[in-house]
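Inspection log for the structure reproduced underneath, given as structure tokens.
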Amino acid sequence: MPDQSPALLRELHLLTREGNLNADALRKLKQVNHLMGLLRPAIEDVQARHPGAVLVDAGSGNAYLGFVLYELFLKDAATGTLLSIEGRPDLTERAKGRAERLGFTRMQFETAHIDTAKYPERIHLLMALHACDTATDDALVAAIRHGADHVAVVPCCQAEVSAQLKEKRPVSGGSGSISLLYSHAWHRREFGSHLTNVIRALTLEAFGYQVTVTELTGWEHSLKNELILGRRVHKENRRARVQLERLLAETGVAPKLTRELGVKPAVLSGPEAAMVPAEADAPEAPAEAPVGQ
């Protein structure tokens, strides 16, 4: 691949002894490069507005994503740092060694779980690739609390909401027919996973992000290929907050993300509760003027 140096590919063990890419390595690189293409506008945006941009890879694992990102966007830049957060010490130490050998001096590492990590006071881009279950929520909480200009998450293994659906029924007044969407275990798992990501996207919107949800093409081998991108364009969105509170009430769930951020279900009564008041609308800020500029 033209975007990665042989030195990096060797460090990531993606080259054979003969210096060739095997089929599995080629597939992985195509996936990562596709993701880099989707992240490029966000990275270039923060680099243009913040010379010392702080990028965070939460739940970085072997840090493959971070190494590729660093080589593409930070290696030849004068400033900017990439912080990789990983809970397994052996992976952190291995990644540190790679960074030293590659001369990636502004690549930093912290051994911690996403919810207990010590984050920089200001984050400009936070990404979390396949952070399992509520770890994705932890990453989103960190992004919102530290004012991240951009957020990119690929959620994985959403189980919390499915378990809540099994134990609860919707609390809103009505026929309760929504529970038919998850009365069977298979449907509950699929509906719970979808509902989890809808709540995540709506939460980002409520806290002022312009959200795009898309599919990672080339990741068809994985059932977890949904990418949620957020760009912070205003401080809050009251309309989205009202919609989020009502969705929580109608489904009867309370995922970790909304609990951590203090978002509570609305108190609904009567058919008029389905109407979102006009005054709840928040004017859209222009895309070229994000908060924190």
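For this chain, numbers begin at 1 and follow the sequence in order.
- Listed by first and then second residue, the ring-ring contact (aromatic ring centres under 6.0 Å, His included) pairs involving residues 80-116 are Y70-F104 (not counting sequence neighbours).
- Under a 4.5 Å side-chain heavy-atom criterion applied to ILVMFWY residues, the cluster that includes L91 comprises that residue alone.
- Between E71 and S5, the shortest heavy-atom distance links the atoms OE2-OG, 2.6 Å.
- Scanning for side-chain contact (heavy atoms from CB on, under 4.5 Å) contacts around K256 gives D115, T134, D137, D138, E160, R259, E260, with sequence neighbours left out.
- With rounding to the nearest 0.5 Å, the separation of CD in Q243 from CG in N237 is 8.0 Å.
- Within the 3.5 Å criterion, the main-chain N or O of G80 finds a donor-acceptor partner in the side chain of R106.
- Annotation: side-chain contact (heavy atoms from CB on, under 4.5 Å) contacts of F191 (sequence neighbours excluded): L165, L181, Y182, L195.
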Review point. What do the steps show when you test L69 against D57 for side-chain contact (heavy atoms from CB on, under 4.5 Å), and what is the final call?
Key: CA-CA 10 Å; L69 186 152; D57 184 7; over 6 Å; no
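- Hydrophobic clustering (side-chain heavy atoms under 4.5 Å, transitive across Ile, Leu, Val, Met, Phe, Trp, Tyr) keeps L126 apart from V141.
- Evaluated for a side chain to side chain contact (heavy atoms under 4.5 Å, CB included) with V154, the options L65, T136, L216 yield exactly one hit, L216.
- Q164 contributes atom CD, which lies 12.5 Å from atom CZ of R188 (distance to the nearest 0.5 angstrom).
- One finds the CD1 atom of I228 at 4.5 Å from the CG atom of N197 (value rounded to the nearest 0.5 Å).
- Separating the NZ atom in K75 from the CE atom in M107 is a distance of 12.5 Å, to the nearest 0.5 Å.
- Applying the side chain to side chain donor-acceptor pair (under 3.5 Å) test to residues at least two apart or on different chains, the pairs with a partner in residues 81-93 are E86-R88, T92-T111.
- The backbone N or O of G147 lies less than 3.5 Å from a partner atom in the side chain of R122, making a donor-acceptor pair.
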Exercise for review: Could you give me the CA-CA distance, side-chain angles and deciding distance for V32 and Y64, then say whether side-chain contact (heavy atoms from CB on, under 4.5 Å) is met?
Suggested key: CA-CA 9 Å; V32 172; Y64 284 10; 5.6 Å; no
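- At a threshold of 4.5 Å between non-hydrogen side-chain atoms, the residues L39 and L229 count as touching.
- Distance CD/E226 to CD/E215: 9.5 Å, rounded to 0.5 Å.
- L125 and V54 fall into different hydrophobic clusters, where Ile, Leu, Val, Met, Phe, Trp and Tyr residues are linked whenever their side-chain heavy atoms come under 4.5 Å apart, directly or through other members.
- Summarising the geometry of A148 relative to Y209, their closest heavy-atom pair is O-OH, 2.6 Å, with the distance given to 0.1 Å.
- Cluster annotation: I123 is not connected to L261 through the hydrophobic network of ILVMFWY side chains, with a link wherever side-chain heavy atoms come within less than 4.5 Å.
- Here the side chain of H146 pairs a donor or acceptor atom with the backbone of P120 at under 3.5 angstrom.
- In terms of hydrophobic clustering, with Ile, Leu, Val, Met, Phe, Trp and Tyr side chains grouped at heavy-atom distances under 4.5 Å, V153 and L204 are assigned to a common cluster.
- Among residues two or more places apart in sequence or in another chain, the ring pair (Phe, Tyr, Trp, His ring centres under 6.0 Å) test is passed with H184 by H187.
- Between A131 and A128 the shortest heavy-atom distance is CB-CB, 4.2 Å.
- Clustering ILVMFWY residues whenever any of their side-chain heavy atoms sit less than 4.5 angstrom apart, transitively, puts F207 in the very cluster that holds L257.
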**Study point:** Chi angles and distances behind the side-chain contact (heavy atoms from CB on, under 4.5 Å) call for Q47, L74
**Key:** CA-CA 9 Å; Q47 285 184 313; L74 294 180; 3.5 Å; yes
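- Considering only residues two or more places apart in sequence or on other chains, E11 meets the salt bridge (Lys or Arg N to Asp or Glu O under 4.0 Å) condition with R101.
- One finds the CG atom of L82 at 8.5 Å from the OG atom of S60 (value rounded to the nearest 0.5 Å).
- Applying the side-chain contact (heavy atoms from CB on, under 4.5 Å) criterion to E110, with sequence neighbours excluded, gives L83, I85, A112, A117, K118.
- Formation of a donor-acceptor pair under 3.5 Å by the R200 side chain with backbone atoms of P155 is not found in this model.
- The two residues A266 and A249 have their closest heavy-atom pair at O-CB, 3.3 Å.
- Residues A201 and V213 come closest through the heavy atom pair CB-CG2, 4.2 Å.
- For the side-chain contact (heavy atoms from CB on, under 4.5 Å) test, residues two or more places apart in sequence or in another chain that qualify with T258 are I199, T203, L244, L248, P255, V263.
- In the hydrophobic clustering (ILVMFWY side chains linked at under 4.5 Å, chained through shared members), W186 stands by itself.
- Closest heavy-atom contact between S162 and S193: OG-N, 4.1 Å.
- Scored by the side-chain hydrogen bond (donor to acceptor under 3.5 Å, both in side chains) test, E245 finds R241 as partners (sequence neighbours excluded).
- For R94 (side chain) and N62 (main-chain N/O), no donor-acceptor pair under 3.5 Å exists by modelled atom type.
- E190 pairs by the salt bridge (Lys or Arg N to Asp or Glu O under 4.0 Å) definition with nothing, not counting sequence neighbours.
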